[in-house]
Amino acid sequence: QVQLVESGGGQVQAGASLTLSCSTSEAISNRVALAWFRQAPGKAREFVALIGWDGTSSHYGDSVKGRFTISRDVVKNTVYLYMDSLKPEDTAVYYCAAGRNYLQLASNRGADYWGQGTQVTVST
């Protein structure tokens, strides 16, 4: 059974840092890209970050470039999202996703697998 389980969300003040983790089941082949998306109340889903299957390529949404860093541990089947200098507008539910099509993920056109999401709230 394919599973993506996010953790690490919470409430922080603006300017703080937070790291999200997404544990993937072994049923997901290592040859998939892993990504983070987010969705704020009343807003469309937004692409946040993406990392290739071998961890050598990455891509970020414009609103998080320079502040967020995505990484993956192939041995632990885990992908991380380090978020620095958080802003209130980063408040959203963050979803982990996996897919075989890197460009499809990067262009926010869907994923093969989704996690349940974890809430991140940034207060002023």
Side-chain angles (χ1 to χ4, degrees):
Q1 183 178 356
V2 174
Q3 282 189 317
L4 299 171
V5 181
E6 302 97 335
S7 62
Q11 183 170 354
V12 297
Q13 289 191 323
S17 301
L18 198 62
T19 299
L20 304 182
S21 300
C22 174
S23 176
T24 68
S25 63
E26 293 184 5
I28 297 178
S29 166
N30 284 337
R31 290 188 176 265
V32 294
L34 291 170
W36 289 94
F37 293 83
R38 67 186 183 186
Q39 188 164 21
K43 294 188 177 181
R45 183 182 66 209
E46 178 185 7
F47 167 76
V48 175
L50 168 65
I51 189 165
W53 69 272
D54 60 357
T56 61
S57 58
S58 60
H59 189 70
Y60 295 90
D62 289 340
S63 63
V64 305
K65 282 181 181 177
R67 298 189 299 123
F68 289 13
T69 303
I70 189 171
S71 61
R72 70 187 292 176
D73 187 324
V74 177
V75 174
K76 294 183 178 180
N77 294 320
T78 301
V79 61
Y80 304 96
L81 183 68
Y82 173 70
M83 305 182 293
D84 193 22
S85 302
L86 283 163
K87 306 174 182 179
E89 50 263 45
D90 293 319
T91 295
V93 177
Y94 284 70
Y95 296 92
C96 179
R100 294 171 177 79
N101 191 318
Y102 189 96
L103 293 178
Q104 179 176 307
L105 286 168
S107 60
N108 198 9
R109 289 186 286 118
D112 295 324
Y113 309 104
W114 293 92
Q116 293 300 308
T118 185
Q119 176 70 46
V120 173
T121 303
V122 184
S123 57
T124 56

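If you're wondering where the values come from, they're calculated on a predicted model, not measured in any experiment. Hydrogens, waters and symmetry mates play no part in the numbers below; they use all other heavy atoms, side chains included.
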Novice: Are Phe47 and Leu34 connected in the hydrophobic side-chain network, where two residues link if heavy atoms are under 4.5 Å apart?
Specialist: no
Novice: Check for a donor-acceptor pair, side chain of Asp112 on one end and backbone N or O of Arg100 on the other, with a separation under 3.5 Å.
Specialist: yes
Novice: Report yes if the side chains of Tyr82 and Leu20 come closer than 4.5 Å at any heavy-atom pair, otherwise no.
Specialist: no
Novice: Donor-acceptor check, side chain of Thr121 to backbone of Gln11, threshold 3.5 angstrom: yes or no?
Specialist: no
Novice: With rounding to the nearest 0.5 angstrom, report the CG to OG1 distance, Leu4 to Thr78.
Specialist: 10.5 Å
Novice: Mind checking whether Val32 and Leu50 sit in one hydrophobic cluster, side chains of I, L, V, M, F, W, Y counted as touching below 4.5 Å?
Specialist: no
Novice: Considering all heavy atoms of both residues, which atom of Ala97 and which atom of Ala111 are nearest to each other, and what is their separation?
Specialist: CB-CB, 3.7 Å
Novice: Heavy-atom distance under 4.5 Å between the side chains of Arg38 and Val64, does that happen here?
Specialist: yes
Novice: For the residue pair Gln3 and Tyr113, establish whether any side-chain heavy-atom pair is separated by less than 4.5 Å.
Specialist: no
Novice: Tell me, do Arg45 and Asn108 make a side-chain contact under 4.5 Å, heavy atoms counted?
Specialist: yes
Novice: Could you tell me whether a side-chain N or O of Thr91 sits under 3.5 Å from a main-chain N or O of Glu89, the two making a donor and an acceptor?
Specialist: no
Novice: Determine whether Glu6 and Ser21 make a side-chain contact, defined as any pair of heavy atoms from C-beta on separated by less than 4.5 Å.
Specialist: no
Novice: Classify the angle between the aromatic ring planes of Tyr95 and Trp114 as parallel (below 30°), tilted (30 to 60°) or perpendicular (above 60°).
Specialist: perpendicular
Novice: Shortest non-hydrogen contact from Asp54 to Thr56?
Specialist: OD1-OG1, 2.8 Å
Novice: Identify the heavy atoms of Pro88 and Ala14 that sit nearest to each other, and give their distance.
Specialist: CD-CB, 4.1 Å
Novice: Side-chain contact, heavy-atom cut-off 4.5 Å: Tyr94 with Met83?
Specialist: yes
Novice: Is the shortest side-chain heavy-atom distance between Leu81 and Val48 below 4.5 Å?
Specialist: yes
Novice: Tell me whether the centres of the aromatic rings in His59 and Tyr102 are closer together than 6.0 Å.
Specialist: no
Novice: Write down the atom of Lys76, the atom of Asp73, and the distance for their closest heavy-atom approach.
Specialist: N-OD1, 3.0 Å
Novice: Could you walk me through whether Asp90 and Arg67 pass the salt bridge (Lys or Arg N to Asp or Glu O under 4.0 Å) test, one step at a time?
Specialist: CA-CA 11 Å; Asp90 293 319; Arg67 298 189 299 123; 2.8 Å; yes
Novice: Could you give the distance from CG (Asn101) to OG (Ser107), rounded to the nearest 0.5 Å?
Specialist: 7.5 Å
Novice: Do Cys22 and Tyr80 have side-chain heavy atoms sitting under 4.5 Å apart?
Specialist: no
Novice: Do Phe37 and Phe68 sit in the same hydrophobic cluster, where Ile, Leu, Val, Met, Phe, Trp and Tyr count as joined when their side-chain heavy atoms come under 4.5 Å apart?
Specialist: no
Novice: To the closest 0.5 Å, what do you measure between OG (Ser58) and CD1 (Ile70)?
Specialist: 7.5 Å
Novice: Would you name the heavy atoms of Val79 and Cys96 that are closest together and state the gap between them?
Specialist: CG1-SG, 3.8 Å
Novice: Tell me whether Gln119 at atom CD has more than 12 heavy atoms from other residues, nucleotides or ligands lying less than 6.0 Å away.
Specialist: yes
